[in-house]
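Taking it in order: structure first as structure tokens, then the write-up.
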Amino acid sequence: MATRTDHLVGLLLGAEEDWPTAFEALARRLGVLKPPGGGEHTITTERLTIEPFNLRDKARQELVIDRLAHWYYHPREWLKKVALMDDVYLLNSPFTFQSMEKHSAYCALIRLGMHVPETVLVPYKHPVDNARWAYTSSRYNQSFDLDEVAEPLGYPLYMKPFDGGGWRGVSQVKDRADLHRSYDDSGEMLMHLQASVPDYEHFARSLTIGPETMVMKFRPDEPMHERYAVAHDFLSPEVGRETRTISQTVNAFFRWEFNSCEMLVKDGMVYPIDYANACPDVAVTSLHYYFPWAMKALLRWSTFCVVTGRVAKTQVDTGPWFEIADDEALDYQAKLEAYQALADDHFETERYAEFCDSTLPHVDDMVLEWIEGPDFRSLLQSTIQQTYPPHEWERFEGHFGGLLGMWVSDERRIRGADA
């Protein structure tokens with residue numbers, strides 16, 4: 001009789017209900033998995049609570065999907081403990097969370113030769129309160145002319161916090177008056193000034209989960225429910241590959257496995273502008289059409305990691321990446337290809353594809369059936385009623401229902417073509 005192993009996946013959550021409910025429902029539907037290596041495997045989920053913990057307590061979870069610890073220090077320290085002592089697999093390394101405060105990610109991609117717009121870090125307008133600050137400031141702070149710093153970047157430019165956070169504190173600076181107004185308003189936030197890409201053609205936002213990446217057309221000026229446009233061929237094949245490589249390079253470099261990246265495209269050139277997100281948007285009311293893909297990718301990658309016993313790499317190893325970056329014999333395209341090879345090696349892309357084919361072939365049909373069924377309709381309706389005022393419920397049920405219905409039709413066509 002085959003031995004059966006149950007793998008416990010922990011969810012460390014904030015205020016979200018929609019995607020965790022979807023993930024839990026789909027995990028329950030996976031059934032008994034029988035990979036080629038033998039044995040039987042099942043997946044169980046639980047939502048984690050925050051409570052005192054002894055550093056010698058053994059964690060029960062094999063993998064944790066974290067959506068909280070970037071801001072909440074207590075669970076962050078628990079994640080560090082279970083990674084160091086219990087070999088719990090974490091989709092995003094808590095040891096590189098500082099890099100998820102944007103600044104390190106900018107620096108890394110510039111070193112790797114990516115086309116990051118010119119960016120300057122300016123000192124605090126009002127430093128965080130500290131008794132030692134006054135002395136340090138009076139002795140060591142170099143006075144500077146903000147206008148002279150901004151002038152080489154050109155207007156319009158963007159001022160945004162070095163640590164990001166859901167568009168918090170981001171402002172478009174159109175002229176000198178805007179510059180000083182935004183800097184004065186920044187208060188205790190540490191800010192970047194970043195050159196813009198005028199008249200860009202496309203704003204691409206990619207969501208990467210393990211080795212899977214979905215590049216989506218993003219419209220930042222639209223309301224949240226309309227920002228992700230359903231557009232499959234808005235990038236050329238070459239630019240599409242580049243956006244995928246940039247996204248997976250960022251993740252493999254920093255040991256992140258659940259992250260979103262933002263890139264502007266103009267004249268065939270890709271400009272990465274934001275690519276470090278501890279809690280990438282996976283809300284059904286944001287992703288709508290792309291929500292089923294995100295749930296499938298998250299389910300497949302989590303299952304692959306625990307069933308195959310994948311060992312997490314939590315520390316950055318810059319050597320292989322910088323060896324490519326500093327090789328003057330390689331042009332930009334050759335470097336991209338080398339970065340993609342490193343990313344594929346890190347994510348075991350080929351092994352992952354084989355695992356999905358052999359052990360998870362039923363996931364596509366399973367998710368399609370669930371999206372068409374009453375449980376998902378109930379989840380969507382509940383989410384809409386928690387998100388929007390009552391007089392808009394009917395409108396948004398039609399809006400999101402139509403977009404998910406489009407996904408169902410497209411998925412059925414694809415599944416039929418693949419049969």
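For this chain, numbers begin at 1 and follow the sequence in order.
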Residue pair [X] / [Y], side-chain heavy-atom distance below 4.5 Å:
X      : Y      : value
Pro292 : Trp370 : no
Arg415 : Asp365 : yes
Leu368 : Arg412 : yes
Asp66  : Leu90  : no
Lys217 : Val230 : no
His7   : Thr42  : no
Leu404 : His288 : yes
Ile209 : Ser302 : no

Give me the atom names and distance for the closest heavy-atom approach of [X] to [Y].
X      : Y      : answer
Phe347 : Tyr352 : O-CB, 4.4 Å
Asp57  : Asp86  : O-OD2, 3.7 Å
Phe376 : Ile371 : CD2-O, 3.3 Å
Asn259 : Tyr275 : ND2-O, 3.3 Å
Asp326 : Arg111 : OD2-NH2, 2.7 Å
Ser196 : Tyr158 : CB-CE1, 3.8 Å

Q: Given salt bridge (charged side-chain N to carboxylate O under 4.0 Å, His left out), test Glu24 with Arg47 step by step and report yes or no.
A: CA-CA 10 Å; Glu24 291 161 341; Arg47 300 192 183 193; 2.8 Å; yes

Taking atom types as modelled and ignoring hydrogens, do the side chains of [X] and [Y] form a donor-acceptor contact shorter than 3.5 angstrom?
X      : Y      : value
Asp410 : Tyr289 : yes
Glu212 : Trp301 : no
Thr314 : Ser93  : no
Asp344 : Thr349 : yes
Gln386 : Ser382 : yes
Gln61  : Tyr89  : no

(Q) I'd like to know if the side chain of Thr249 reaches the main chain of Thr245, judged simply by a donor and an acceptor atom lying under 3.5 Å from each other, with no hydrogens or angles considered. (A)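 Looks like yes, one N/O pair under 3.5 Å.
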
Q: Check whether any side-chain N or O of Thr318 sits under 3.5 Å from a backbone N or O of Val316 as a donor-acceptor pair, and report yes or no.
A: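 No, the answer is negative, given that no donor and acceptor are paired below the 3.5 Å cut-off.
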
Q | Candidates Leu264, Val265, Asp267, Ile273 - the one meeting side-chain contact (heavy atoms from CB on, under 4.5 Å) with Tyr200 | A |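 Going through the options one by one, the only one that passes is Leu264.
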
Examine [X] together with [Y] and report whether their ring centres are nearer than 6.0 Å.
X      : Y      : answer
Phe218 : Tyr228 : yes
Trp293 : Tyr290 : no
His74  : Phe53  : yes
His399 : Tyr388 : no
His346 : Phe253 : no

Pairwise distance [atom1]([X]) to [atom2]([Y]) - rounded to 0.5 angstrom:
X      : Y      : atom1 : atom2 : answer
Leu299 : Thr45  : CG    : OG1   : 10.0 Å
Glu51  : Trp78  : CD    : CH2   : 9.5 Å
Ser182 : Lys174 : OG    : NZ    : 11.0 Å
Arg300 : Thr303 : CZ    : OG1   : 10.0 Å
Ile246 : Thr208 : CD1   : OG1   : 11.0 Å
Glu46  : Leu8   : CD    : CG    : 4.5 Å

(Q) Considering only residues two or more places apart or on different chains, which pairs with a residue in residues 380-394 satisfy salt bridge (charged side-chain N to carboxylate O under 4.0 Å, His left out)? (A)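 Matches after skipping sequence neighbours: Glu392-Arg395.
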
**Q.** Option among Arg241, Glu242, Gln248 that satisfies the side-chain hydrogen bond (donor to acceptor under 3.5 Å, both in side chains) test with Gln340
**A.**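 Only match with Gln340 under side-chain hydrogen bond (donor to acceptor under 3.5 Å, both in side chains): Gln248.
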
Q | Step-by-step salt bridge (charged side-chain N to carboxylate O under 4.0 Å, His left out) determination, Glu397 to Arg377 | A | CA-CA 9 Å; Glu397 286 177 12; Arg377 286 197 295 274; over 6 Å; no

Q: Write out all pairs satisfying side chain to side chain donor-acceptor pair (under 3.5 Å) with one or both partners inside residues 28-38, taking only residues at least two apart or from two chains.
A: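 Listed once each, the pairs would be none.
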
**Q.** Check against side-chain contact (heavy atoms from CB on, under 4.5 Å), Val282 and Phe258
**A.** CA-CA 10 Å; Val282 286; Phe258 188 14; 3.9 Å; yes

Does the distance from a Lys or Arg side-chain N to an Asp or Glu carboxylate O, for [X] and [Y], drop under 4.0 Å?
X      : Y      : answer
Arg67  : Glu16  : yes
Arg227 : Glu222 : no
Glu354 : Arg351 : no
Arg181 : Asp178 : yes

Q) Would His115 and Val270 count as a side-chain contact (heavy atoms from CB on, under 4.5 Å) if you check the C-alpha gap in whole Å, the side-chain angles of each, and the deciding distance to 0.1 Å? A) CA-CA 7 Å; His115 303 118; Val270 180; 5.6 Å; no

Q: Could you walk me through whether Ile65 and Trp19 pass side-chain contact (heavy atoms from CB on, under 4.5 Å), step by step?
A: CA-CA 12 Å; Ile65 301 172; Trp19 80 259; 3.8 Å; yes

Are there more than 12 heavy atoms of other residues, nucleotides or ligands under 6.0 Å from atom [atom1] of [X]?
X      : atom1 : answer
Glu118 : CD    : no
Tyr72  : OH    : no
Asp233 : CG    : no

Q) Can you list the steps and then say if Lys266 with Glu201 is a salt bridge (charged side-chain N to carboxylate O under 4.0 Å, His left out)? A) CA-CA 5 Å; Lys266 181 179 180 181; Glu201 296 150 15; over 6 Å; no

Q: Take Glu323 and Trp321 through the side-chain contact (heavy atoms from CB on, under 4.5 Å) test and state the conclusion after the steps.
A: CA-CA 5 Å; Glu323 183 178 348; Trp321 302 91; over 6 Å; no

Q: Can you label the angle between the His225 ring and the Phe396 ring as parallel, tilted or perpendicular, going by 30° and 60°?
A: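 The rings of His225 and Phe396 stand perpendicular, inter-plane angle above 60°.
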
(Q) Going by the rule salt bridge (charged side-chain N to carboxylate O under 4.0 Å, His left out), which residues pair with Glu350 if we only count those two or more places apart in sequence or in a different chain? (A)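 For Glu350 there are no salt bridge (charged side-chain N to carboxylate O under 4.0 Å, His left out) partners, ignoring immediate neighbours.
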
